[in-house]
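Residue numbers run from 1 in the order of the sequence given.
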Amino acid sequence: MPPLGVVAPAPLKLKQCNFLIKNKKPLPFPSLQPHYHRCHSSSLVTANANPSIPNRDDRKITVTKTRGGDHGRIKHSRSEEIDINIDGPFLNRFLISKQWDAFHRFCRPHTIIGTVIGILSVSLLPLEQIGDLSPAFFIGILKALVPSVLMNIYVVGLNQVFDVEIDKVNKPDLPLASGEFSMGTGISIVSAVLLMSFAMGVMFKSPPLFSALAISFFLGSAYSIELPLLRWKRHAILAAACILIVRAIVVQLAYFVHMQKYVLGREIAITRPLVFAVVFMCIFTSVIALFKDIPDVDGDRDFGIQSFSVSLGQKKVYWICVNMLLLAYGAAVMIGASSTFLPSKLFTIISHGALASLLWLRARSTDIANKASLTSFYMFIWKLFYAEYLLIPFVR
């Protein structure tokens with residue numbers, strides 16, 4: 001058999017050597033194993049065609065090894081080339097893994113987690129007895145979850161499609177901004193998930209579910225699309241309203257009615273926990289809408305996005321957000337104290353008091369001038385958001 005020619009692919013950049021053994025997985029390139037413990041900077045994988053080796057690619061990896069000094073300063077570094085062979089199937093698996101990681105970041109998983117936990121929490125509110133936990137109940141939850149997650153991906157993906165240049169400044173690790181996904185790939189993903197979401201919304205024959213999808217589609221599109229009368233994210237109040245309406249009102253009311261009337265078959269009845277959920281989440285989602293722009297003032301200012309953080313300053317908006325959350329937790333403690341059901345009273349008071357304390361301690365230790373510190377605190381707020389949804393079913 002004549003030797004097979006190998007076409008050399010474009011260089012594949014790896015952000016860090018330890019990316020390849022994330023989660024303690026074995027290093028895929030055995031020749032690098034002795035060097036890994038000293039590898040702290042970037043590396044470049046390049047391919048050389050070698051027709052003398054059938055069905056294999058002869059690879060060379062240039063590794064820059066550094067030795068740290070005091071306080072993390074580099075005292076010595078050098079580069080060397082290591083000749084290794086990489087199996088084609090492994091390289092394919094590695095590239096698939098890279099694509100999956102890019103897709104994962106494209107979907108903005110912290111928003112998906114918020115959607116899933118929110119729907120699960122609200123779906124528990126109409127339950128009246130243990131017998132309500134039937135197979136039909138869990139199927140009803142799945143019918144709500146799947147199209148809603150797809151719509152969530154559409155909304156965050158569409159925002160990235162229209163925000164590529166801004167994200168190159170504010171969020172350069174996102175796949176469209178970094179170039180890992182082409183614009184065509186981004187548009188294909190958001191188009192596919194939108195069609196699947198609406199198809200399921202029609203197929204499941206639940207008016208409140210379809211209404212939730214339609215409202216999310218309209219507001220998510222108006223928030224991002226660059227057209228006359230749209231691109232609402234340019235205006236601070238409209239941008240905050242988009243997030244508040246979907247996260248605080250639509251999620252609570254639409255999915256509650258979906259479960260109560262179209263899954264459990266009961267008449268619609270507004271309950272105390274539902275009212276608490278709507279009011280509390282109105283405050284919480286307003287905070288998320290305000291805070292998400294605090295780390296992004298540089299890119300927003302450069303591209304004419306008049307967020308509150310640009311208009312009022314980061315520090316002022318930061319403490320407005322913290323005080324709004326503390327006010328919400330104080331109100332939750334008062335609601336708990338007014339409950340006639342003792343276990344609910346104690347749980348609501350203690351849990352919200354604890355979350356308020358954690359918020360205050362974390363807020364005081366955050367460096368407002370440091371973008372990484374602000375981003376970390378923003379993700380902490382999302383964790384508080386998840387925690388609140390876990391507490392809402394216990395408010396009685």
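- In this structure a side-chain-to-backbone donor-acceptor pair under 3.5 Å is present from His352 to Thr348.
- Side-chain N or O atoms of Lys261 include none that pairs as donor or acceptor with a backbone N or O of Ile268 at under 3.5 Å.
- Atom CD of Glu267 has 12 or fewer neighbouring heavy atoms from other residues, nucleotides or ligands inside a 6.0 Å radius.
- Annotation: Ile237, atom CD1; neighbour count of heavy atoms from other residues, nucleotides and ligands within 6.0 Å does not exceed 12.
- Formation of a donor-acceptor pair under 3.5 Å by the Lys371 side chain with backbone atoms of Asn170 is found in this model.
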Distance-only check: which donor-acceptor pairs under 3.5 Å involve side-chain atoms of residues 312-323, not counting sequence neighbours?
from   : atom 1 : to     : atom 2 : distance (Å)
Gln314 : NE2    : Ile294 : O      : 2.7
Tyr318 : OH     : Ala363 : O      : 2.7
Asn323 : ND2    : Trp319 : O      : 3.0

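- One N or O on the side chain of Thr115 and one on the backbone of Thr111 form a donor-acceptor pair closer than 3.5 Å.
- Of the possible polar contacts, one joining the Tyr386 side chain to the His110 backbone as a donor-acceptor pair under 3.5 Å is found.
- Counted within 6.0 Å of CE on Met183, heavy atoms from surrounding residues, nucleotides or ligands total more than 12; the atom is thus considered enclosed.
- Shortest non-hydrogen contact noted between Leu274 and Gln252 is CD1-O, 3.7 Å.
- Using bins of under 30°, 30° to 60° and over 60° for the plane-to-plane angle, the ring pair Phe218/Trp232 lands in the perpendicular bin.
- Side-chain N or O atoms of Ser121 include none that pairs as donor or acceptor with a backbone N or O of Gly118 at under 3.5 Å.
- Not one N or O on the side chain of Arg234 forms a donor-acceptor pair closer than 3.5 Å with the backbone of Ile305.
- The aromatic rings of Phe103 and Phe106 lie parallel to each other, with less than 30° between the two planes, well short of the 60° mark.
- Using a distance-only test at 3.5 Å, with no hydrogens or angles considered, a donor-acceptor pair links the side chain of Ser365 to the main chain of Arg362.
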Inset, instruction - Step by step, work out the side-chain contact (heavy atoms from CB on, under 4.5 Å) result for Val155 and Phe217. - result: CA-CA 7 Å; Val155 171; Phe217 163 72; over 6 Å; no
